[in-house]
Number of protein chains: 2
Amino acid sequence: MENQTQNAFRALADPTRRDIVQLLAVQDMTIGQLTDRFDMTRAAVKKHLTVLSDGGLISVEVRGRERINRLEPLGMAPVLDWLSYFDQFWDDRLNSLKEAVERKSK
Amino acid sequence: MENQTQNAFRALADPTRRDIVQLLAVQDMTIGQLTDRFDMTRAAVKKHLTVLSDGGLISVEVRGRERINRLEPLGMAPVLDWLSYFDQFWDDRLNSLKEAVERKSK
DNA sequence: TTAATATGATACCAAATGGTATCTCATTTG
DNA sequence: CAAATGAGATACCATTTGGTATCATATTAA
């Protein structure tokens with residue numbers, strides 16, 4: 001799917017997909033198991049898994065007739081990289097905000 | 001707009017909006033200035049700014065007939081919070097990956 | 001005050017998105 | 001083998017999204 005930063009951010013933009021990521025952080029799961037946790041069809045969950053896979057956030061291990069979905073830590077890297085670009089900015093602004101609050105409280 | 005985590009993630013899901021965030025990290029800009037940087041109409045840029053504003057990522061200061069758009073560091077907090085939930089997970093997985101690679105290279 | 005500038009608002013459109021229903025295929029299991 | 005199970009694929013649908021065109025409004029400048 002080419003642009004990993006875009007695909008990863010896109011994958012995280014949906015609340016159901018973020019929930020899936022959190023569930024898979026606890027343990028690997030099949031589509032069937034995931035579907036049990038949501039109020040939607042297996043086909044819908046499958047679509048979300050495809051988007052997560054395109055984003056590099058999960059991988060699938062075929063095991064007999066089951067597919068084990070597993071979180072891929074490397075997939076989050078582009079997101080963290082992009083965000084880290086602002087580390088200094090956030091720090092500076094948050095610090096000046098904090099200082100402003102402290103000045104006011106005197 | 002209520003759900004800040006969702007709105008912030010949604011705001012970051014579009015490449016144009018991420019570019020806007022990066023531009024505003026360098027300096028505050030009006031819509032007109034931002035529009036000069038993109039190959040789209042002012043109306044389109046305005047829509048992106050609205051989404052960024054809903055996500056709490058920018059604020060606007062009215063100044064005469066101009067509107068100064070400025071990055072809001074606090075807006076990124078819900079995103080960083082959500083991601084930080086996985087810090088330990090990423091660390092563990094990346095470490096075991098690293099170890100696996102090292103074992104293989106022996 | 002009139003014209004230019006900076007922006008907002010709205011109607012409209014094509015494409016993408018999130019979902020269902022349905023059919024097929026592969027692997028277990030009785 | 002036959003039936004049940006787990007999953008993929010596709011067609012279809014309503015809504016959202018990203019964009020344009022156009023018109024209206026407020027402020028600044030001539």
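Every chain is numbered from 1 and lettered A, B, ... according to where its sequence line falls, protein lines coming before strand lines. Only a predicted model underlies this, so the values are computations on that prediction, with no experimental measurement involved. Excluded from the calculations below are hydrogen atoms, water molecules and symmetry mates; all remaining heavy atoms, backbone and side chain alike, are included.
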Position toward the 5' end of DNA chain D (nearest nucleotide), A/A43 or B/A13: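 Nearest nucleotide further toward 5': that of A/A43.
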Rounded off to whole Å, could you give me the [atom1]-to-[atom2] distance for the [X] and [N] pair?
X	N	atom1	atom2	answer
A/L34	D/dG8	CG	P	11 Å
A/D14	D/dT17	CG	P	11 Å
B/I31	D/dG19	CD1	P	14 Å
A/R67	D/dA9	CZ	P	9 Å
A/E61	D/dA7	CD	C1'	15 Å
A/N69	D/dA7	CG	C1'	11 Å
A/M40	D/dA7	CE	C1'	17 Å

Boundaries of the chain B footprint along DNA chain C (any atom under 4.0 Å from a heavy atom):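 The contacted stretch runs from C/dA4 to C/dG8.
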Side-chain heavy atoms of B/Q22 within contact of A/F86, under 4.5 Å: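 They are in side-chain contact.
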Test item: B/D81 and B/Y85 side chains (from C-beta on) under 4.5 Å apart, heavy atoms: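 Sidechains of B/Y85 and B/D81: no contact.
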Side chain A/Q33, main chain A/T30, donor-acceptor under 3.5 Å: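 Indeed, once roles are kept as given, a pair shorter than 3.5 Å links the two residues.
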Co-membership, hydrophobic cluster, residues B/V51 and B/L34, 4.5 Å side-chain: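 No; tracing contacts between hydrophobic side chains, which count when under 4.5 Å, never links both residues.
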Smallest separation among heavy atoms of B/R10 and A/A13, with atom names: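 Minimum heavy-atom separation between B/R10 and A/A13: CA-CB, 4.4 Å.
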Shortest non-hydrogen separation from B/T41 to B/T35 and the atoms involved: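 In terms of heavy atoms, the two residues are closest at C-CG2, 4.0 Å.
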Short side-chain N/O contact from B/R10 to OP1 or OP2 of D/dT17, under 4.0 Å: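 For D/dT17, OP1/OP2 do have a side-chain N/O of B/R10 under 4.0 Å.
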Phosphate OP1/OP2 of D/dG18: any B/T16 side-chain N/O under 4.0 Å: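 For B/T16, the contact criterion (side-chain N or O under 4.0 Å from OP1 or OP2 of D/dG18) is not met.
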5' precedence on DNA chain C between A/E66 and A/D39 (nearest-nucleotide basis):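 Residue closer to the 5' terminus by nearest nucleotide: A/D39.
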5' priority, DNA chain C, between A/R63 and B/R65 [closest heavy atom]: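 The residue mapped nearer the 5' terminus is B/R65.
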Carboxylate-amine/guanidinium proximity below 4.0 Å for B/R70 and B/E61: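 Salt bridge between B/R70 and B/E61, a charged N being under 4.0 Å from a carboxylate O: yes.
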N/O donor-acceptor pair, side chain A/R42 with base D/dG8, under 3.5 angstrom: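 Under the 3.5 Å cut-off, the side chain and the base do form a donor-acceptor pair.
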Sugar-phosphate, base or nothing in reach of B/R17, heavy atoms under 4.0 Å: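 Sugar-phosphate contact only - B/R17 comes under 4.0 Å of backbone atoms but never of a base.
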